[in-house]
Amino acid sequence: MKDQTMSDTATNTRAPLEGLKVLDLTIAMAGPLCTQRMGEMGAEIIKIEAPGGGDFSRHAPMAGITKFGDATCFVTLNQNKKSLVLDLKSDAGREVLYRLVEQADVLIQNFRPRVAKKLGIEYQTLREINPRLVYGSVSGYGEDGPMKDRPGQDLLLQSFTGLTMNGGKAGELPQASPLYMVDVSASHMVCEGVLAALVARSITGVGQEVKVTMLSAIMEMQCQEIMSYITADAPPKRGTSPQVSIYQEPPYGIYKCSEGFLSIAQADLDVLAEVLKLPKLSDMKLARPEQSNGDAVAEWRDGIYAELAALFLTNTATHWDAILAPLGVWCVVVNDYDSFLNHPQTQDKLIEVEHPVGGKYTAVAPAISFSDNPKPSVKHAPQYGADTVDILASFGFSGDEISTLAENKTVIAG
């Protein structure tokens, strides 16, 4: 009992994945966000970059914005990592990777299908070197099918899977999310799968391969819409009002106000009718057409939107939010980044990170909190090849071996 009490009251700052070694062969977002999350959980993340510039996202700035010589998207997706520049196209480079794999717990890559096999670093090869290895891979469409060689890019996946036709107006452009939502979802899935495989390994002693496709990720995100489409006699249609989603019942949407915009998720039309003094809304609620009549449903939805849109234009978004939110209406004032990042609710979700080149910068704090490690440390994204020598030495390479590898351009030290 005494030991239990001491365990319960002692302060433990150990991160959950402390001691794990992860080889990160990823680029862009879906892979790097996964490994960064594992780094936030305490794993040692060794980002293996190719000669000639490394992860292309270092040099592909979002809206032309850079920080400390790298694109901001690289800086914010590669924190808590070390950088090793290694030529995997060479025999010597592959041999280096094989030696790293001997001691690694996890390897994650997001090459296009068949690239890993061409390089000789696919799971079947690496598990012979280390049967305990958990191998995670992310691809766009998977290894089979007519789309297997197409680029797995976020906007393209949104467009391919029907998502962009679930909002907007009839006859106008499809409506895509400006965010890389498919990358984010896929990154969470592969992280979740790898963690599950690590749990299994703790029981069986053997690793396994975890595969995630961006196609599967966006289909899971749309599981409600896809199931509803398959089940319905007639699927919903786009109407003449600017719908956020044709699969949501009105008043779901965003409304222009005299100043600003108001977003409404779910709300009982009878409540809105009473509070806003629009009795017509209750009548319209009762007059909902049969779902099988898609044109009539779209017209009905457009009519409700028009009634509310006209009223909301008469006052500010802040005014309407103050009236509706206390009554349980799911609504919020629409922010831009300036108002959102200065909102008091947001402040503890931002952190300052120290960078060796330019000092401090502001980043998004880790999203997951653990009671044993409530404030995980966050280290800046690595400079290109800055950790090459230290990483190799920690894996048992001698000074002479490292010098020879550097001379042969198998590795590059920053």
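In what follows, residues are counted from 1 in the order of the sequence shown.
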Can you name the closest pair of heavy atoms from Gly53 and Tyr384 and give their distance?
-> N-OH, 3.2 Å

Arg58 bridged to Asp70 by N-O distance under 4.0 Å = yes

Between Ile45 and Met38, is a side-chain contact (heavy atoms from CB on, under 4.5 Å) present by the stated rule, with each step listed?
-> CA-CA 8 Å; Ile45 312 297; Met38 296 184 73; 4.1 Å; yes

Give a yes or no on whether a salt bridge exists between Lys47 and Asp387, defined as a side-chain N under 4.0 angstrom from a carboxylate O.
-> no

Glu299, CD: over 12 other non-hydrogen atoms inside 6.0 angstrom = no

Is atom CZ of Arg150 surrounded by more than 12 heavy atoms (other residues, nucleotides or ligands) closer than 6.0 Å?
-> no

Check: residues 187-197 side-chain donor-acceptor pairs under 3.5 Å, at least two apart:
unit_1	atom_1	unit_2	atom_2	d
Ser187	OG	Val184	O	2.7
His188	ND1	Arg37	NH1	3.2

Could you walk me through whether Phe68 and Tyr361 pass the ring-ring contact (aromatic ring centres under 6.0 Å, His included) test, one step at a time?
-> CA-CA 10 Å; Phe68 312 127; Tyr361 66 93; 5.6 Å; yes

Name the one of Arg127, Gln109, Glu209 that satisfies side-chain hydrogen bond (donor to acceptor under 3.5 Å, both in side chains) with Tyr135?
-> Gln109

Are any of the side-chain nitrogens in Asp390 or Lys82 under 4.0 Å away from the carboxylate oxygens of its partner?
-> no

Has Met147 got more than 12 heavy atoms of other residues, nucleotides or ligands less than 6.0 Å from its CE?
-> yes

For the ring pair Phe312 and Phe261, is the centre-to-centre distance below 6.0 Å?
-> no

Carboxylate-amine/guanidinium contact Asp270 Lys285, below 4.0 Å | yes

Without swapping roles, check the side chain of Arg94 against the backbone of Leu88 for a donor-acceptor pair under 3.5 Å.
-> yes

Close side-chain approach of Asp302 and Gln243, heavy atoms under 4.5 Å | yes

Exceeds 12 heavy-atom contacts within 6.0 angstrom, atom CG of Asn342 = yes

Does a salt bridge link Glu172 with Arg238, judged by any charged N lying under 4.0 Å from a carboxylate O?
-> no

